[in-house]
Protein chains: 2
Amino acid sequence: MDYEEIMKQNGLKRTKNRFRILKILDIGDIPLSAGSIYNCLKEEEIEVSLSTVYRTLEKLSEMNIIRKLTFNGDNSTFFESIKKGHRHYLICLKCRSITVLNKCPIKGYQEDIEKETSYIIEGHKLDMYGYCPKCKDK
Amino acid sequence: MDYEEIMKQNGLKRTKNRFRILKILDIGDIPLSAGSIYNCLKEEEIEVSLSTVYRTLEKLSEMNIIRKLTFNGDNSTFFESIKKGHRHYLICLKCRSITVLNKCPIKGYQEDIEKETSYIIEGHKLDMYGYCPKCKDK
DNA sequence: CTACATGCAAACCGTTTGCACCCTA
DNA sequence: TAGGGTGCAAACGGTTTGCATGTAG
């Protein structure tokens, strides 16, 4: 089901702003903060207010079209399209750059924890922290 | 090496406030926010300002006596003693309670990523998200 | 035409900082 | 008694919200 469908079903209007924000999140390969999405739009000479960006991101999160992420050491929230699938991240402790990791080593762990704790596990988040090739030598 | 030694070596004074905060972090078994530490102190009828709590936590983090943690969906930072060792967490998406998981499924993954990406990996963070036994039925 | 979307400015809230005073070593 | 520690209030920065206006359906 595509974005238009999902929006229609949830009674959301399909506005230019929403599609622009979705496009930015679809094209980029790393999670973006509200502020950097806002800056992308500005660079494209598109006028949107920051609050619209936040409100849009909130709506899209509620509709499970995008997901919110936070990382240790960052004071802002990041967003990425659900289409990116299940992934992990490698954060540089110096320059804060984000690298995507597609390999997931968890597998059976989730089921183990579910049995042990009687929780219903919805998902997990695994981030690696270290120094990227550019920063590690300095 | 104990806390006193570490503080002495870093030229930090050993004040009552610092030991009180360390004690709270040592006793508790789950990560705490600055605000909840502040409240603990209040309950013990100890007068400390919130900014002292923050400054202390910052110092202790720099000295690697405690570590900072952030979780998806929380807007505050959590702290725990390094003495707790390497652990993972299970966060309830409804009541936001935190459960500690001692099993770590990562092992070889870290080395694999190090080779693949040429990063120096310092550590990783794995959190599970789901619904706790109390919340899952509601 | 109606309900949702948006811009703007103000409010929010966790966190940080400047400054004067206090206390440990 | 010197230099770090602390309280208080103000500043900060990311995020949210109230309100009046704009626009999709």
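The shown structure was predicted, so the numbers you read here are calculated from the model rather than taken from an experiment. All chains are named by letter (A, B, ...) in the order of the sequence lines, taking the proteins before the strands, and each is independently numbered beginning at 1.
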Given D:dT6, D:dT16, C:dT15, identify the nucleotide with an atom nearest to the side chain of B:Ser76. C:dT15

Any idea which of C:dT6, C:dT16, D:dT6 is nearest the A:Thr15 side chain? C:dT6

Tell me which nucleotide among C:dA3, C:dC23, D:dG14 gets nearest to the side chain of B:Lys13. C:dC23

At under 4.0 Å, does any side-chain N or O of B:Arg14 touch on OP1 or OP2 of C:dT24? no

I'd like to know if the side chain of A:Arg67 reaches the main chain of A:Ser61, judged simply by a donor and an acceptor atom lying under 3.5 Å from each other, with no hydrogens or angles considered. no

Sugar-phosphate only, base, or nothing, as touched by A:Arg55 at under 4.0 Å among non-hydrogen atoms: base

For atom CZ of B:Phe19 and atom C1' of D:dG5, their distance in whole Å: 13 Å

For B:Thr77, which contact category applies under a 4.0 Å heavy-atom criterion: base, sugar-phosphate, or nothing? sugar-phosphate

Could A:Glu116 and B:Lys103 be called an ion pair, given the rule that one side-chain N must be under 4.0 Å from one carboxylate O? yes

Report, as yes or no, whether the 6.0 Å neighbourhood of atom NZ on A:Lys84 holds more than 12 heavy atoms from other residues, nucleotides or ligands. yes

Under 4.0 Å between a side-chain N/O of B:Asn75 and OP1 or OP2 of D:dG14, yes or no? no

Within the 4.0 Å heavy-atom criterion, would you say B:Ser51 contacts the bases, only the backbone, or no part of the nucleic acid? base

Check the distance between D:dT15's P and A:Leu32's CG and give it to me in whole angstrom. 13 Å

Degree of bending in the helix from C:dC1-D:dG25 to C:dA25-D:dT1 once both end axes are built from five pairs, to 10°: 30°

Closest approach to the side chain of B:Asn17, judged atom by atom: which nucleotide of D:dT15, D:dG7, C:dT15 is it? D:dG7

Return the value, rounded to whole Å, for the distance between atom OH of B:Tyr38 and atom C1' of D:dG7. 10 Å

Between CG of B:Asn39 and C1' of C:dG14 the distance, given in whole Å, is 13 Å

From CE of A:Met7 over to C1' of C:dA3, roughly how many Å is that when rounded to an integer? 17 Å

Less than 4.0 angstrom between a side-chain N/O of A:Thr52 and OP1 or OP2 of C:dG7, yes or no? yes

In whole angstrom, give the distance that lies between atom CG of A:Leu41 and atom P of C:dT6. 11 Å

When you check the side-chain N and O atoms of B:Thr70 and A:Asn72, is any donor under 3.5 Å from an acceptor? yes

With a cutoff of under 4.5 Å between side-chain heavy atoms, which Ile, Leu, Val, Met, Phe, Trp and Tyr residues group with B:Leu126? A:Leu90, A:Leu101, A:Ile106, A:Tyr109, A:Ile113, A:Tyr119, A:Ile121, A:Leu126, A:Met128, B:Leu90, B:Leu101, B:Ile106, B:Tyr109, B:Ile113, B:Tyr119, B:Ile121, B:Met128

Taking A:Glu58 first and then A:Lys68, would you say they form a salt bridge - that is, a charged N and a carboxylate O separated by under 4.0 Å? yes

Are B:Phe19 and B:Tyr3 an aromatic pair, judged by ring center distance below 6.0 Å? no

Measure the distance from CG on A:Leu50 to C1' on D:dG14 and round it to the nearest whole Å. 9 Å

Heavy-atom nearest nucleotide on DNA chain C taken for B:Lys16 and for B:Phe79; more 5' hit belongs to B:Phe79

Nearest to the side chain of A:Val48, which nucleotide is it out of D:dG5, C:dA5, C:dG7? C:dG7

Are B:Lys134 and B:Ser97 close enough that some pair of their side-chain heavy atoms sits under 4.5 Å apart? no

Between C:dT6 (C1') and A:Leu57 (CG): distance, integer Å: 14 Å

